Q: 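Submitted below is the structure of interest, expressed as structure tokens.
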There are 2 protein chains.
Amino acid sequence: MELDEIDKQILEALQTNARITTKELSYDLKLSQTPIYERIKRLEREGIIKGYVALLDKEKVGKPMLTYCSVQLKEHAKPFLEQFEREVVNFNEVVECYYIAGNFDYLLRVLVKDIAQYQNFLVNKLAALENIQNVQSMFVMTEVKWSTETPL
Amino acid sequence: MELDEIDKQILEALQTNARITTKELSYDLKLSQTPIYERIKRLEREGIIKGYVALLDKEKVGKPMLTYCSVQLKEHAKPFLEQFEREVVNFNEVVECYYIAGNFDYLLRVLVKDIAQYQNFLVNKLAALENIQNVQSMFVMTEVKWSTETPL
DNA sequence: GTTGAAACCTCCAATTG
DNA sequence: CAATTGGAGGTTTCAAC
């Protein structure tokens, strides 16, 4: 499935503002509303658009502390990886988790209120798992750039 | 500004589906539409809701390769940091960039089509900057968990 | 907080190039 | 086949209570 220029412009607009109307888009793209509407429906149907979400200010909702966290396991056989993954997705502090090729095994994005809550997460949740070899914390001081957009 | 239970339920709903209607919310929360509407407007006005965005499938739009990348600079005086930041935000491959307290200086989320494009980014763009000491790539093999939601 | 109504938007059928 | 027009039904927005 190929995206033409109009599809890309629609996706770009929706990636910055999911609430833009077909009317506004039809004005911007110099088309009537129906083709815009049908393209959006097609992009949704094909799963190119995965969904529409509200983004919150993490400081204002009381989760100002962002940390990336690298994890090395002791045992690396498949059942051990799967067990770690099953456990880590249940921690609500962990909003992202990636299996990594490199010096360690997993990279976690961890969102908490303060150092006390991070310490609690680390000691009582993450390090409490059986198969943990090593955890290293990378505290985010400044968000230089952040975007949910995929460049097209 | 405090969030009560109703606010939290609204935010949770909007974080998973920005297109939910006030009507559906009013049904779920057993309230009429107006208080829902006014709470959402307040949450937007106060910047608790930063915006509404469409999320795309990065595989389906041709950016399947995700890499995190740690960067160490040579010079760390403020003007050097600022220069690096000014340059890195302009790379469209870099969708996130964090200034980190730890063993290195910056953590980058990099989105590309394939290894060739990553190589090109690394060699011709990132490593071409003057002040780079060291770059280390962490290739994402599996996305175990991913969410734009902030837990409330 | 509720009701109710105007304005706007989504969605689709009919139609045209 | 892909666009436009136009209108029914749903949603947002807001005034009055």
Side-chain angles (χ1 to χ4, degrees), chain A residues 1-63 146-152, chain B residues 1-63 146-152:
Chain A
M1 220 288 316
E2 273 312 298
L3 301 171
D4 66 14
E5 266 316 302
I6 296 171
D7 290 328
K8 286 186 184 175
Q9 284 181 275
I10 291 172
L11 291 176
E12 240 141 47
L14 288 172
Q15 280 195 105
T16 61
N17 174 20
R19 296 245 159 140
I20 192 169
T21 61
T22 53
K23 193 180 183 179
E24 285 177 88
L25 279 168
S26 73
Y27 180 78
D28 295 347
L29 305 187
K30 281 132 188 62
L31 267 172
S32 60
Q33 289 178 243
T34 309
I36 306 275
Y37 170 77
E38 276 164 2
R39 278 166 184 270
I40 293 173
K41 287 299 139 189
R42 197 198 74 230
L43 294 165
E44 291 171 356
R45 211 177 326 112
E46 292 178 346
I48 291 162
I49 296 173
K50 288 198 295 182
Y52 303 93
V53 301
L55 301 175
L56 306 191
D57 185 310
K58 60 182 161 31
E59 281 77 20
K60 291 184 180 164
V61 296
K63 293 283 160 63
W146 183 81
S147 169
T148 56
E149 286 181 49
T150 304
L152 296 177
Chain B
M1 218 289 315
E2 273 312 298
L3 301 171
D4 65 15
E5 266 316 302
I6 297 169
D7 290 328
K8 286 184 185 176
Q9 284 181 273
I10 291 172
L11 291 175
E12 240 142 46
L14 289 172
Q15 281 196 104
T16 60
N17 174 19
R19 296 242 160 140
I20 192 169
T21 61
T22 54
K23 194 179 183 181
E24 283 177 89
L25 279 169
S26 73
Y27 180 77
D28 295 347
L29 305 187
K30 281 132 187 61
L31 268 172
S32 60
Q33 289 178 240
T34 309
I36 306 276
Y37 171 76
E38 276 164 1
R39 278 165 185 269
I40 293 172
K41 288 298 137 190
R42 197 197 75 231
L43 293 165
E44 291 171 354
R45 210 180 324 114
E46 291 179 346
I48 291 162
I49 295 173
K50 287 199 295 184
Y52 303 92
V53 302
L55 301 175
L56 307 190
D57 185 310
K58 60 183 162 31
E59 282 76 20
K60 290 184 179 163
V61 297
K63 293 284 159 64
W146 183 82
S147 168
T148 56
E149 286 181 50
T150 304
L152 296 177

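Only heavy atoms go into these numbers, but all of them, side chains included; no hydrogens, no water, no symmetry mates. Keep in mind that this is a model prediction, so the values were computed, not measured. Just so it is clear: chains get the letters A, B, ... in the order the sequence lines come, proteins before strands, and each one is counted from 1.
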Q: Quickly work out the E24(A) CD to dA7(C) P distance and round it to whole Å.
A: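 The distance from CD of E24(A) to P of dA7(C) comes to 19 Å, rounded to the nearest Å.
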Q: Take the protein atom CD1 of I40(A) and the nucleotide atom P of dC9(C), then report the distance between them rounded to whole Å.
A: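 Rounded to whole Å, this separation is 13 Å.
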Q: Counting heavy atoms from C-beta on, name the nucleotide in dT12(D), dC9(C), dG1(C) closest to the side chain of P35(B).
A: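 Taking heavy atoms from C-beta onward, the closest nucleotide is dG1(C).
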Q: Look at the side chain of L31(A) and decide which nucleotide, out of dT13(D), dA3(D), dC11(C), has an atom nearest to it.
A: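 Nearest listed nucleotide: dA3(D).
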Q: Minimum heavy-atom separation for A13(A) to L25(A), with atom names?
A: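 Minimum heavy-atom contact is CB-CD2, 3.7 Å.
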Q: Given atom CG of L25(B) and atom P of dT13(D), what is their separation to the nearest angstrom?
A: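 It works out to 13 Å between those atoms.
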Q: Would one find a side-chain N or O of T22(B) under 4.0 angstrom from OP1 or OP2 of dT12(D)?
A: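 The answer is yes; a side-chain N or O of T22(B) sits under 4.0 Å from OP1 or OP2.
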Q: Please tell me which of R19(A) and Q33(A) maps to the more 5' nucleotide of DNA chain D, matching each residue to the nucleotide holding its nearest heavy atom.
A: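 Looking at DNA chain D, the more 5' nearest nucleotide goes with Q33(A).
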Q: What nucleotide, of dT11(D), dC12(C), dC14(D), holds the atom closest to the side chain of Y37(B)?
A: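 Output: dC14(D).
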Q: Closest heavy-atom contact between A54(A) and A18(B)?
A: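 Residues A54(A) and A18(B), closest heavy atoms: N-CB, 3.8 Å.
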Q: Please tell me which of the listed nucleotides, dT11(D), dG1(C), dT12(D), lies nearest to the side chain of R39(B)?
A: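 Nearest to the side chain of R39(B) among the choices is dG1(C).
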Q: Under a 4.0 Å threshold between the charged nitrogen and the carboxylate oxygen, would E38(A) count as salt-bridged to K41(A)?
A: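 Salt bridge: no.
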Q: Rounded to the nearest Å, what distance is computed from the OH atom of residue Y27(B) to the P atom of nucleotide dT11(D)?
A: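 Value for this atom pair: 15 Å.
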Q: CD of E38(A) versus C1' of dA14(C): gap in Å, rounded?
A: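 Rounded to the whole Å, the gap is 13 Å.
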Q: Rounding to an integer number of Å, can you tell me how far L29(B) CG sits from dG1(C) C1'?
A: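 Nearest whole value for this atom pair: 14 Å.
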Q: Among dT12(D), dT11(D), dT10(C), which nucleotide has an atom closest to any side-chain atom of K23(B)?
A: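 Minimum distance to the K23(B) side chain belongs to dT11(D).
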Q: Do Q15(A) and L152(A) come within less than 4.5 Å of each other through their side chains, counting heavy atoms only?
A: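 The answer is yes, as the side chains (C-beta and beyond) meet within the 4.5 Å cut-off.
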Q: Between atom NZ in K41(A) and atom P in dA2(D), what is the gap in whole Å?
A: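 My rounded result for the distance is 19 Å.
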Q: Of all the nucleotides listed (dT12(D), dT10(C), dG4(C)), which has the minimum atom distance to the side chain of T34(B)?
A: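 It is dG4(C).
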